Structures are given as structure tokens and as C-alpha cells.
Amino acid sequence: MPETTEQQLTDQVVASFDTAKDERFREVMQALVRHAHAFVRETRLTEAEWGAAIEFLTASGHITTDTRQEFVLLSDVLGISMLTVAVNEPDHGEATESTVLGPFFVQDSPEIELGGDIAGGAKGEPSWVTGTVTDTDGTPVPGARIEVWEADDDGMYDVQYDDGALAGRAHLFADAEGGYRFWALTPTPYPIPDDGPVGRLLQHAGRSPMRASHLHFKVTAPGFHPLTTHIFVAGDPGLAGDSVFGVKESLVRPFDRHQPGTPTPGGRRLEGSWTSASFDIVLRKEG
């Protein structure tokens with residue numbers, strides 16, 4: 001009875017974790033074993049296929065560096081990152097919805113003043129982004145820390161270049177009324193890094209590596225639940241096919257384009273066109 005032998009093996013492996021002292025570790029590992037074994041049984045996985053999977057994971061480890069996380073990309077394109085967000089960050093009514101962090105967040109980004117420019121020399125069309133940070137009752141959250149980062153007009157993040165310069169990212173703090181404002185770049189679509197194992201997986205599946213145009217936000221304030229989110233560009237054709245499944249309708253915003261010569265906030269001199277967008281952020285209190 002092959003099924004009985006297979007189930008007996010699964011039961012033995014599950015039971016091997018019974019002695020784990022950490023209850024949560026035991027629960028997670030036993031569930032992992034049950035689901036992984038069920039996958040092997042359901043697909044009747046061959047030894048050659050399992051060997052190919054091991055090679056894929058090994059290659060993912062080899063290409064991973066301090067500035068490129070292939071396993072995050074794998075989690076993203078399989079929808080596991082967004083599912084984890086859905087499990088841990090369910091919709092809380094008035095609070096701003098969360099989405100994936102992505103593989104390009106960097107700690108200790110440069111600080112800019114309100115109205116400053118995050119571009120740092122990165123190429124792209126300037127964009128004026130404004131909004132307020134409040135709680136779910138509409139009360140301003142002064143001093144909220146707002147991390148922002150994005151790709152340049154070539155679809156590259158600063159950490160993907162070899163010069164070590166930080167560009168297209170910064171942090172700033174909301175004013176006494178919870179307001180914030182800064183110059184960024186108008187988001188454009190770009191492919192996730194597809195020159196490695198995850199890219200080959202997508203190619204084999206006939207899937208696009210393109211991400212919908214977006215600007216990353218990470219917002220924190222004492223007493224409030226941290227928020228990781230994006231804003232997406234209304235009208236972007238890629239909204240329906242985001243390669244990491246990160247788009248949420250509530251996060252789509254219009255980026256209004258202004259023709260060259262249109263007066264800019266603060267009187268900034270620009271030679272070409274620019275855009276503007278508004279994004280009000282609502283944090284929920286801890287607990």
C-alpha cells in the first residue's frame with residue numbers, strides 16, 4: 001500500500017518535531033512538513049524534478065548579495081509576500097492598506113527637509129507629492145517618519161548601480177499638522193531583476209517581469225502600527241498585471257501632468273514637464 005507507506009513517513013517526520021521546546025517553531029515546522037509532503041504526493045514529484053528545484057534554490061543563493069535578494073523576488077512572484085501581507089495586515093477600514101516591501105528598501109536613507117527632493121541625481125520627470133498623516137479618527141500625527149524610495153527613469157534602483165551612491169530615496173518627517181511634501185520622480189514601469197533564476201522561472205511560465213509604476217512608502221510613528229505601502233499611477237496599463245501582485249485599488253492615485261513653464265510649488269525652476277500627486281496616509285494605533 002504505497003499511500004500508507006508515504007503517510008507513515010510523513011507522520012514520522014512530523015512527530016520528530018514533537019520535542020521542540022518552542023511551541024510556535026513546532027507548529028510551523030510540522031505544518032511545513034505536512035504541506036510539503038502533500039505537495040510531493042499530489043504532483044508525484046520525480047527525483048530529477050526535485051534535483052532541479054535544489055539547483056534553482058542554490059542558484060538563488062549564489063546570486064543574492066547585500067543589495068539583491070533573489071529569495072524575496074521568488075516570494076514576490078509566487079504571491080507569498082502579498083499573502084503574508086494579507087494575513088498579517090488585513091484591511092482595517094479607514095487605515096491605509098499595506099503592500100509588499102520589495103527587495104530594495106535600505107535602512108538609514110538620507111534625510112530631507114519638507115519640500116526637499118529625494119531624486120539625488122536620479123533621472124526622471126520631477127513629481128510633487130503631498131499629503132497628510134492622520135490616525136483613523138482624522139487626528140494629525142505630527143513627526144511621523146516617512147521613508148520613500150523608487151526606481152529611476154531607466155527602471156533601476158540606486159543599489160542596482162555599482163557606484164554606491166544613494167538616489168531616489170530619502171526620509172522626512174511630517175509637520176505639526178501631519179502634513180508632508182517632497183519632490184520625487186514620476187513613477188514609471190520597470191522589470192524586476194530577471195537575469196537570474198526567478199527571471200528564468202517567469203520566462204518559462206510565459207509571465208512578464210514588469211511591475212506597475214509605483215512609489216514606495218514606509219511610515220512609522222510612536223504608538224502606531226508601522227505601515228509599508230506604495231502609491232500606483234492611475235491609468236498605468238500595468239496595474240492589472242503587476243508581477244508581484246502588489247496593486248490595491250485604494251492605493252492608485254492620479255499623477256497630474258503639468259506642461260513646461262507651469263509655475264511649481266516653491267518656485268522651483270524646471271525645464272520640462274512635471275507631475276503632482278496627493279496621498280493622505282492613515283495609521284492605525286497599536287493594539
Side-chain angles (χ1 to χ4, degrees), residues 96-97 99-100 102 104-105 109-134 144 146-158 160-161 166-175 177-192 210-219 227-244 246-282:
T96 300
E97 290 193 280
T99 188
V100 291
F104 297 117
F105 174 72
S109 64
E111 181 180 350
I112 60 170
E113 298 294 329
L114 288 165
D117 188 359
I118 78 167
K123 296 187 297 183
E125 179 186 43
S127 184
W128 178 247
V129 182
T130 62
T132 58
V133 184
T134 66
I146 305 165
E147 296 268 1
V148 285
W149 68 103
E150 63 178 327
D152 63 19
D153 215 26
D154 292 327
M156 297 279 283
Y157 286 84
D158 51 2
Q160 294 178 278
Y161 293 105
L166 293 180
R169 72 175 70 242
H171 72 273
L172 63 157
F173 296 91
D175 63 23
E177 287 74 42
Y180 73 89
R181 51 205 172 271
F182 61 90
W183 284 99
L185 303 175
T186 305
T188 55
Y190 66 87
I192 63 171
M210 296 302 293
R211 285 229 58 197
S213 307
H214 62 276
L215 172 64
H216 290 268
F217 283 77
K218 185 176 182 181
V219 187
L227 172 68
T228 299
T229 193
H230 303 356
I231 50 174
F232 297 91
V233 179
D236 180 4
L239 291 174
D242 185 48
S243 61
V244 307
V247 178
K248 293 185 177 181
E249 185 176 354
S250 68
L251 303 177
V252 178
R253 293 291 186 277
F255 278 72
D256 298 321
R257 180 158 283 104
H258 307 276
Q259 295 305 310
T262 305
T264 61
R268 180 180 178 183
R269 293 186 177 183
L270 297 174
E271 294 182 359
S273 63
W274 55 283
T275 64
S276 59
S278 178
F279 181 45
D280 291 334
I281 298 165
V282 181

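The first residue in the sequence is number 1, and the count goes up from there. Keep in mind it's a predicted model, so treat the numbers as computed, not measured.
Note on ring orientation: taking the six-membered ring where Trp is involved, the planes of Tyr157 and Phe104 are parallel (angle under 30°, cut-offs 30° and 60°).
Closest approach of Gly124 and Asp153 over heavy atoms only: CA-CB, 3.7 Å. Scanning both residues, Leu114 and Gly179, for their nearest heavy atoms gives CD2-O, 4.0 Å. Nearest heavy atom pair, residue Thr96 against residue Leu227, reads O-CD1, 3.5 Å. Contact record, Pro110 with Leu166: CD-CD1, 4.0 Å, taken as the closest heavy-atom pair. When every heavy atom of Gly155 is checked against every heavy atom of Tyr190, the shortest pair comes out as CA-CB, 3.4 Å. Minimum interatomic distance between Glu147 and Ser109 (heavy atoms only, all atoms of both residues): OE1-OG, 2.8 Å.
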Distance-only donor-acceptor hits, side chain of residues 232-244, under 3.5 Å, sequence neighbours excluded:
residue	atom	partner	partner atom	Å
Asp236	OD1	Gly238	N	3.0
Asp236	OD2	Ser213	N	2.7
Asp236	OD2	Ser213	OG	3.0
Asp242	OD1	Arg211	NE	2.9
Asp242	OD1	Arg211	NH2	3.4
Asp242	OD1	Ala212	N	3.0
Asp242	OD2	Arg211	NH2	2.9
Asp242	OD2	Phe245	N	3.4
Asp242	OD2	Gly246	N	2.8
Ser243	OG	Pro209	O	3.2
Ser243	OG	Met210	O	3.2

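A distance of 12.5 Å separates NE2 in His171 from NZ in Lys218, rounded to the nearest 0.5 Å.
The side-chain contact (heavy atoms from CB on, under 4.5 Å) test with Ile281 is passed by exactly one of Ile231, Thr132, Val133: Val133. Here the options are Phe182, Phe217, Phe255, the test is ring-ring contact (aromatic ring centres under 6.0 Å, His included), and the partner is Phe279; only Phe217 passes.
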- Query: Given Thr275 and Thr186, is the side-chain hydrogen bond (donor to acceptor under 3.5 Å, both in side chains) satisfied, shown in steps?
  - Reply: CA-CA 7 Å; Thr275 64; Thr186 305; 2.7 Å; yes

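Ser273 and Glu125 form a side-chain donor-acceptor contact under 3.5 Å, judged by distance and modelled atom types alone.
In this structure Ser276 satisfies the side-chain contact (heavy atoms from CB on, under 4.5 Å) test together with Trp128, Asp256, His258, Trp274, sequence neighbours excluded. Every salt bridge (charged side-chain N to carboxylate O under 4.0 Å, His left out) that Asp154 has, sequence neighbours left out, goes to Lys123. For Ala122, the side-chain contact (heavy atoms from CB on, under 4.5 Å) test picks out Asp152, Ala167, Leu185, with sequence neighbours left out.
A heavy-atom distance below 4.5 Å is found between the side chains of Trp183 and Leu270. Annotation: side chain of Tyr161 is in contact with side chain of Met156 (closest heavy-atom distance under 4.5 Å). Here the side chains of Ile118 and Glu150 are in contact, with some heavy-atom distance below 4.5 Å.
For residues 179-189, the set of pairs meeting the salt bridge (Lys or Arg N to Asp or Glu O under 4.0 Å) definition, not counting sequence neighbours, comprises Asp175-Arg181. Residue pairs meeting the salt bridge (Lys or Arg N to Asp or Glu O under 4.0 Å) criterion with at least one member in residues 263-280, sequence neighbours excluded, are Asp117-Arg268.
The 12-atom threshold is not exceeded at CD of Glu113, counting heavy atoms of other residues, nucleotides or ligands nearer than 6.0 Å.
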